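Keep in mind it's a predicted model, so treat the numbers as computed, not measured. Chain letters run A, B, ... following the sequence lines, proteins first and then strands; every chain starts at 1.
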There are 2 protein chains.
Amino acid sequence: MSSILTPPAPRRATVVTLSELAGVAPSTVTRALKGDTRISKKTRDLILGLAKEHGYMPNVLARTLSSGKSGLYGLVLGSAENPFYLELLYEATRQAEKLGFRLLIIHAGGGPIEDITAQALIQYQVDGCIISSAILSSRAAEICAQNNVPLVMVNRVALAHGCFVTCDNRAGGVEIARLMIARGRRRFGLVYTASSSSTSREREEGFVSELEQAGLKLAVRIDGHSNYDGGYAAGQEIAALPAHERPDAIFALSDIMAMGVLDALRLASINVPEDIAVAGFDGLPSSARPIYDLTTIQQPLPLMIQRAFELLQARTLDPSLPDELIAMRGKLIIRGSCG
Amino acid sequence: MSSILTPPAPRRATVVTLSELAGVAPSTVTRALKGDTRISKKTRDLILGLAKEHGYMPNVLARTLSSGKSGLYGLVLGSAENPFYLELLYEATRQAEKLGFRLLIIHAGGGPIEDITAQALIQYQVDGCIISSAILSSRAAEICAQNNVPLVMVNRVALAHGCFVTCDNRAGGVEIARLMIARGRRRFGLVYTASSSSTSREREEGFVSELEQAGLKLAVRIDGHSNYDGGYAAGQEIAALPAHERPDAIFALSDIMAMGVLDALRLASINVPEDIAVAGFDGLPSSARPIYDLTTIQQPLPLMIQRAFELLQARTLDPSLPDELIAMRGKLIIRGSCG
DNA sequence: TTGAAAGCGTTACCAC
DNA sequence: GTGGTAACGCTTTCAA
């Protein structure tokens, strides 16, 4: 029996414990701990000393119960197949750490956000939630709205309820088209995503409309399923085309698909960029690898996350704030894959 | 003023609310909700009905306060540069979802776990924590021990305090060596990690000891920094070697480094596996890409996570349980990169 | 089968 | 400056 061998785990220090030790009221302890100026330096030092001595750590959950704010933000991540979400996770974690709050993983994966997921948001009293992908059912959105849980979609456009911050996807598509046209490309292939997210639709629109401006149009359009394998298959399909039907430029709507395309072309001994130029979208770190050297539009992820948190925090303080829709221009990164 | 335009947000249903509605005591509601058999079917149905009608959702935090169990597990992730942690995150999320608890991101990235991080574990009353990387300072470990927060390292060996579950790294190293020797390779290169994690040290030991058994030894040993770029640089270095000094087999201690090696070799027009065989370790999904077709040892990640949760849960119930150290055999996956 | 009441650790509000 | 006390929402005895 551990109760015999080890002394009964010394009860954790609490506000009450400390107040007794210091001979003051619990409320005084609270105030001293949070640096309330109205407390005399003497008592404050006393309390701070005791707190340190006894290794006091506030119980955030209890605080939440009485104050309403949990310091917890929910995070919904898209499919593991796209490294973009990895970047997002790490960036969000980094920023949350700095801002002093925590991230609760609500869902990760391709599937839709089910009611049960939305419920977790409520049950854990999160102060807000960043949704980077997945479809929020309108019922789930409703639940959040009803419970005043502010939502912000990153890299997605909003439903009925919620803010969003995205890259200016349309403008990105336009830039890629312009670049390719300027480099003398004339036959265009697009590797898109059928499970149409707003994001990829906008990228395509920008691209295609710019082509049309120049009196050009798509020669090929293949579903790349938003992952490497899909991109790879698309690349194979393109490589298998008779040379005169083959595009001389391919725009893959996300970097991960572009990498698949590049690898498929390489294995088919098609030269990039000589035979075919390739561009992606997202600006994944891996797109910079020499083997890919991929031209792409880099999303300003750090800033996007920062805005997301700002939106969330503001709405935590004042729930009546209207939804805000922020789009920021991505940065065209020209690398070897476009010649 | 939203207070004029919109009706004051209808207060969330709570146990008390429901009890008043049903004309019973709060405790009865609690019991009915959790399916206590001693409650009459009639009252239970009544309460369940009301709960549904009013969209009742328990406040998990309040529950934690009174019951002690939060249903929250902390997660510490290693560097974003190794996709292995991505896999781990998604697998852990999937399983947590099934088991009905939530993951709190405690830290993500290469750095050490600072005290403040350990504090978060305590403050949020997590029921336990999965640490997949990073160094836990002994002070941090102490904090956890003192507060009865069970710890389990996945893919790391434990410090003073905590369980661990890993792949049998040593055995994996042995298997790779055996395979390469059997395939007639005689000059061996190793791409290791200097910031020596126990994990990679064991893999190396297994590999080297098996070589020695066969009277062979390492010809080259290069630090690959546990990431793609490091592996790539190592590959370049190897490619730059005069042909007679070049190894004919390379074991990279992790898949991500192996991919870097492969790309560097390919860009240097060195043929794999004809000129050089390459093997990795981890079994990342991307190692299966045709362009890599990498021979590797696949870690049984799902099972590892499952055990991790089991260890954690058991220790939540009975903190006096001794630390357990679990190692499981990885699976050799032979692909084209080894001939 | 149900009720009453005492916590859980913190904060907030109102006194003094 | 500080104290007292009532919440916060839920669970858990102990009674009935």
Apply side chain to side chain donor-acceptor pair (under 3.5 Å) to the pair A:S27 and A:T30, showing each step before the final yes or no. CA-CA 5 Å; A:S27 44; A:T30 300; over 6 Å; no
Worked check of side-chain contact (heavy atoms from CB on, under 4.5 Å) between A:D323 and A:L311: CA-CA 9 Å; A:D323 289 345; A:L311 291 174; over 6 Å; no
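Residue A:T43 places no side-chain N or O under 4.0 Å from the OP1 or OP2 atom of D:dG1.
In this structure, B:V60 reaches neither bases nor backbone, as no heavy-atom distance under 4.0 Å exists between it and the strands shown. Using a 4.0 Å heavy-atom criterion, one finds that B:T64 contacts no nucleic acid atom at all. A:V16 comes within contact range of at least one nucleobase, with a heavy-atom separation under 4.0 Å.
When the P atom of C:dG7 is taken as reference, atom CG of A:N59 falls 18 Å away, rounded to whole Å. Rounding to whole angstrom units, CD1 of residue B:I122 and C1' of C:dT10 are separated by 18 Å. When rounded to the nearest whole Å, the span between CG of B:D36 and P of C:dG3 equals 13 Å. Atom-to-atom, CG of A:L65 to C1' of C:dT10 comes out at 8 Å; the value is rounded to the nearest Å. The distance from atom CZ of B:R44 to atom P of C:dT1 is 10 Å, rounded to the nearest whole Å. In this structure, the CG atom of A:L61 is 16 Å from the C1' atom of C:dG7, given to the nearest Å. Spacing between atom CG of B:L18 and atom P of C:dT2 amounts to 16 Å, rounded to whole angstrom units. Between B:L33 atom CG and C:dT1 atom P the separation is 18 Å, expressed in whole Å.
By the 30° and 60° cut-offs, the orientation of the rings of B:Y73 relative to B:F309 is perpendicular.
Not a single donor-acceptor pair under 3.5 Å links the side chain of A:Q125 to the backbone N or O of B:N59.
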So if I define the base as every atom that isn't primed, P, OP1 or OP2, how would nucleotides 11-16 of chain D read as a B/S/- string at a heavy-atom cutoff under 4.0 Å? BBB---
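Contact check on A:E91 versus A:R94 returns a salt bridge, with a Lys/Arg side-chain nitrogen under 4.0 Å from an Asp/Glu carboxylate oxygen.
Using modelled atom types, one finds a donor on one side chain and an acceptor on the other under 3.5 Å when comparing B:T43 with B:S40.
Taking 4.5 Å as the limit, some side-chain heavy atom of B:R315 sits within range of a side-chain heavy atom of B:E324.
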